[in-house]
Amino acid sequence: MEYNFSDIEKKWQLYWASHKTFKVEPEPSKPKFYVLDMFPYPSGAGLHVGHPLGYIASDIYSRYKRLKGFNVLHPMGYDAFGLPAEQYAIQTGQAPQKTTAENIKRYREQLDKLGFSYDWDREIRTCDPSYYKWTQWAFLKMFSHWYNKTSNKAEPIDKLIREFEDNGNGKVNAAHHCGFEFPAEAWNRYSEKEKEDILMCYRIAYLGETSVNWCPELGTVLANDEVKEGLSVRGGHPVVQKKMKQWQLRVSAYAERLLEGLNELAWSDSLKEMQRNWIGKSEGAEMEFSVFNGRETFSMTVFTTRPDTVYGVTFMVLAPESEWVDKLTVPDKQKEVREYLAYVKTKTERERMTETHSVTGVFSGSYAVNPFTGEQIPVWISEYVLAGYGTGAIMAVPAHDSRDYIFARTFNLPIIPLIEGCDVSKESFDAKEGIMCNSGFLNGMTVQQAIPAAIEEVERKRLGRRKINYRLRDAIFSRQRYWGEPFPIYYENQIARPVPETSLPLELPQLESFRPSQTGEPPLANAKNWTFEGNPLEKSTMPGFAGSSAYYLRYMDPRNAECLVSEQANCYWQDVDLYIGGTEHATGHLIYSRFWNKFLHDLGYVCKEEPFKKLVNQGMIQGRSNFVYRIKNTNTFVSLNLKDNYETTEIHVDVNLVQNDRLDTEAFRNWNPEYQHAEFILEEGDYICGWAIEKMSKSMFNVVNPDTICAHYGADTLRMYEMFLGPLEQSKPWDTNGIDGVHRFLKKFWRLFFDKNGNNVITGLLPDDKELKILHNLIHKVEEDIENFSFNTTISAFMITVNELTDLNCHKKEILESLVILISPYAPHIAEELWVQLGHTPSVANASFPVYNAEYTKEHSYEYPVSFNGKLRFKKSFDLGMNREEIEKLIREDERTEKYSEGKTIRKIIVVPGKIINIVV
RNA sequence: GCCCGGAUGGCGGAAUCGGUAGACGCGCUGGUCUCAAACACCAGUGGCCGCAAGGCUGUGCCGGUUCGACCCCGGCUCCGGGUACCA
């Protein structure tokens with residue numbers, strides 16, 4: 001029997017599916033293990049070889065854990081709501097429901113070919129009403145809860161209402177409040193609308209006006225993590241800032257817990273660091289400055305991390321969008337300020353960024369008083385101060401802040417150095433070090449001493465308070481789109497009301513047109529009867545991250561119609577033990593999911609505070625593009641090494657027409673009518689192509705389809721080769737050329753069981769020590785490698801082992817059985833086939849991982865204490881059968897011994913045949 | 001600018017409690033099989049010198065610690081990722 005991967009793989013894939021080999025249920029007698037892949041968005045392009053990388057790794061780990069006796073939950077589903085399907089719908093008129101279903105079907109076909117051990121009975125789709133019911137449900141819970149900073153968790157809004165009725169809001173310590181204090185009597189007198197407006201300020205899911213990222217091209221708002229360098233992540237369209245009333249999630253309330261929680265997670269340091277930066281905690285103080293606009297005096301608050309530099313504050317700056325701008329602009333500055341604000345408005349976010357450090361600003365005409373020096377200082381307006389951070393106003397210390405410095409230099413404002421010996425003639429001195437001067441009571445202190453001392457003084461004089469600020473903003477949760485979860489919210493007399501839980505899911509209606517309505521409203525305005533009990537429903541939908549924020553919980557109990565996840569299922573599966581996915585979700589999905597989980601934890605619906613215990617980021621697989629070189633203004637193409645003799649244009653050529661960088665010239669002529677009469681200048685009979693590593697994409701013609709590879713080499717070869725390519729977490733280029741080596745290995749592996757004529761050569765002879773040593777070395781290596789996610793080096797170990805056994809002509813059943821189990825996570829189809837050939841019933845997935853016995857791998861050795869020149873003493877295991885004289889001679893002859901031996905004691909010497917390689921003190 | 005990560009043959013990558021650098025695979029060269037090619041198998045393969053034995057050199061650059069450095073320390077260069085006026 002030949003190694004016929006095609007038949008074998010088809011056969012076992014069918015077998016596993018029909019026998020539901022990988023179906024799991026909670027089994028309290030067995031330890032659980034939850035392995036999760038970040039579920040894919042089913043795009044129309046299908047999978048390329050880069051996509052399954054993480055899935056292969058997680059599958060290997062899942063299969064390994066099963067062999068180790070764990071009850072493994074390994075599910076898969078689809079993140080099916082999203083922009084591309086909707087854009088496609090707008091262009092073609094095809095309903096997203098339809099194209100999404102088709103894409104999912106294609107994804108499933110591709111995934112099925114790779115032999116994954118998913119429990120497909122647990123499949124979920126975020127666009128399925130029975131799934132998004134629970135997304136809507138969670139939203140309603142957020143709507144009906146507020147964040148109590150005293151208990152440090154989310155609490156029911158009803159409880160808050162009772163507190164308002166009894167005591168007003170004076171004692172309430174909420175993450176966010178309405179901005180003013182009211183007593184119980186006042187609350188009870190408020191109209192219903194007034195009450196609801198106040199409550200809205202407390203809710204965790206709330207409707208609020210903020211400056212949002214508006215993408216005119218897409219006609220929707222975007223979250224911060226959906227914008228990169230002023231362009232939308234999806235599509236790359238420009239994004240501008242706009243004030244709008246939008247649904248938001250009070251993620252900021254959880255900032256400290258999101259930060260703290262990172263410490264206990266087994267995530268990479270770089271990823272944790274990214275999240276820390278995104279959360280952006282900074283400690284400092286809020287300080288009040290009194291400001292006078294010529295008629296009235298106000299108290300204005302600023303946030304600073306450097307209260308120690310207060311003696312150097314020589315001016316103040318407001319953000320252009322700050323509400324203080326109006327109050328502080330004096331009459332004869334009105335025109336100038338208005339012009340400046342108009343100018344700022346014309347700039348998009350992107351322009352603001354590209355013109356970094358351009359200095360613009362305008363004087364408001366008002367003056368503040370520095371509370372420590374009593375000096376009058378001007379109040380300016382400038383775009384370098386952001387409305388959304390801190391209080392939207394700063395105290396400027398040009399001597400010790402580079403941005404303030406540049407501003408002061410531009411507008412000729414005074415610069416007062418506050419640290420002894422610092423030179424501020426050319427640039428500011430930003431470091432938090434040195435001895436304070438020109439700073440009153442702070443003089444003589446170090447900066448590190450002065451910061452807490454200044455805060456204390458500020459608090460004592462009642463000029464301000466200690467304050468911690470976070471960069472993390474609330475998540476904007478509305479999208480002016482069709483293909484997303486509808487909000488379970490309707491409006492009654494302008495008041496947002498929740499659709500009752502019993503009416504969930506609130507299903508997305510079918511539409512004819514997916515464009516914004518005539519009046520510029522979101523597409524849902526086109527729906528007939530988009531109402532609830534006669535009242536209009538919310539017309540925007542939820543963003544992409546809504547459906548992916550709690551999907552890992554739903555997998556635990558995917559068909560439960562009563563709740564998101566039953567207590568029993570949640571208690572058994574608990575949390576994700578291993579999560580594999582791309583690093584691009586670091587500041588989006590992975591923050592939102594953690595927030596969502598913490599919220600549900602506060603309410604008691606889930607047992608764990610953190611959803612993902614360990615996280616591994618697989619690297620990207622890049623494409624290897626090939627080029628041909630066309631001689632300018634001709635239809636002649638010149639081979640790589642001759643191209644310097646001509647003036648040429650580099651043209652991407654489909655990598656499928658190229659083998660080992662040699663172009664199939666005939667196929668090239670047929671590829672594109674433009675090239676059908678192409679002429680070639682060859683070198684040594686071949687056309688050699690140039691190459692480069694680029695992103696795998698259609699436009700570069702470097703996409704390699706896993707289906708093609710499977711047809712050619714089989715899924716087992718593909719799985720092993722993807723792992724063999726390099727470390728999982730590293731980005732690396734795909735190169736189809738190397739795949740032969742792995743395929744050869746599997747054929748060689750097959751030949752341990754069958755000879756060239758297809759005869760079974762397995763023998764029942766008992767293995768000898770040498771063979772056991774080879775086997776147990778491998779067991780040890782495989783175990784260690786899988787635990788460390790070093791899948792690439794395991795493959796090498798397999799290759800070496802198979803070579804060794806081939807050399808020994810070893811076909812012993814006992815050895816081969818273990819070998820089949822060891823390889824089964826990597827190459828499950830061939831393993832299953834050989835497992836049966838060894839006389840077992842399927843499936844090899846139910847076998848046990850071989851137990852490593854260190855006795856077999858021990859070197860034959862003996863302890864040998866050595867003394868040298870009466871001064872040195874050695875004690876080391878030698879594997880060489882050398883006698884004392886030989887060893888001493890070696891030591892004496894080694895030049896390092898002499899250098900080393902002066903007055904020191906040698907503890908250990910490592911010897912390899914004929915050489916001392918290691919002498920240790 | 002700031003934060004994180006990386007740099008090893010023609011290529012992907014092994015080897016980090018500091019101890020034979022280049023495992024394994026690709027590619028290449030030579031050979032066996034074949035009329036021939038493909039497949040398969042065997043051997044060689046960092047560079048320089050040498051018929052060989054062998055020698056010298058070698059992990060981005062400069063310097064340091066050490067008997068010994070891809071590995072540790074100091075100073076750079078380049079590449080990748082994140083973030084960007086966050087006060």
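Basis for what follows: all heavy atoms, side chains included, without hydrogens, waters or symmetry-related copies. No experiment lies behind these values; they were computed from the predicted model shown.
- Base pairing analysis places B:rC76 opposite B:rG60; the two distances defining the Watson-Crick or G-U wobble pair are each below 3.5 Å.
- The side chain of A:M274 lies closest to B:rG81, out of B:rG81, B:rC85, B:rG13.
- Look at B:rC24: its Watson-Crick or wobble partner, with both distances under 3.5 angstrom, is B:rG12.
- Closest contact between the side chain of A:R471 and the listed nucleotides B:rA87, B:rG81, B:rU83 involves B:rU83.
- Here the nucleotide nearest the side chain of A:I800, chosen from B:rC3, B:rG25, B:rA23, is B:rA23.
- Candidate nucleotides B:rC3, B:rA87, B:rC85 were compared by shortest atom distance to the side chain of A:N277, and B:rC3 ranks first.
- Closest to the side chain of A:F724, from the set B:rC26, B:rA14, B:rG25, is B:rG25.
- Of the nucleotides present, none pairs with B:rC51 by Watson-Crick or G-U wobble criteria with both distances under 3.5 Å.
- Considering only side-chain atoms of A:Y389, the nucleotide from B:rA87, B:rG81, B:rC3 that sits closest is B:rA87.
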Quick test: give all pairs of protein nitrogen or oxygen and nucleotides 38-44 of chain B nitrogen or oxygen below 3.5 Å, distance rounded to 0.1 Å.
unit_1: B:rA40; atom_1: OP1; unit_2: A:R744; atom_2: NH1; d: 3.2
unit_1: B:rA40; atom_1: OP2; unit_2: A:R744; atom_2: NH1; d: 3.1

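- Taking syn as a glycosidic angle within 90° of 0, B:rG9 qualifies as syn.
- More than 12 heavy atoms of other residues, nucleotides or ligands sit less than 6.0 Å from atom CD of A:E584.
- When each of B:rG81, B:rC28, B:rG25 is scored by its nearest atom to the side-chain atoms of A:R662, the top-ranked nucleotide is B:rC28.
- Relative to the side chain of A:N792, the nucleotides B:rG81, B:rG13, B:rA84 differ in distance, and B:rG13 lies closest.
- When distances are taken from the side chain of A:S270 to each of B:rA84, B:rC4, B:rG13, the shortest belongs to B:rC4.
- The local environment of CG in A:D807 is crowded, with over 12 non-hydrogen atoms from other residues, nucleotides or ligands closer than 6.0 Å.
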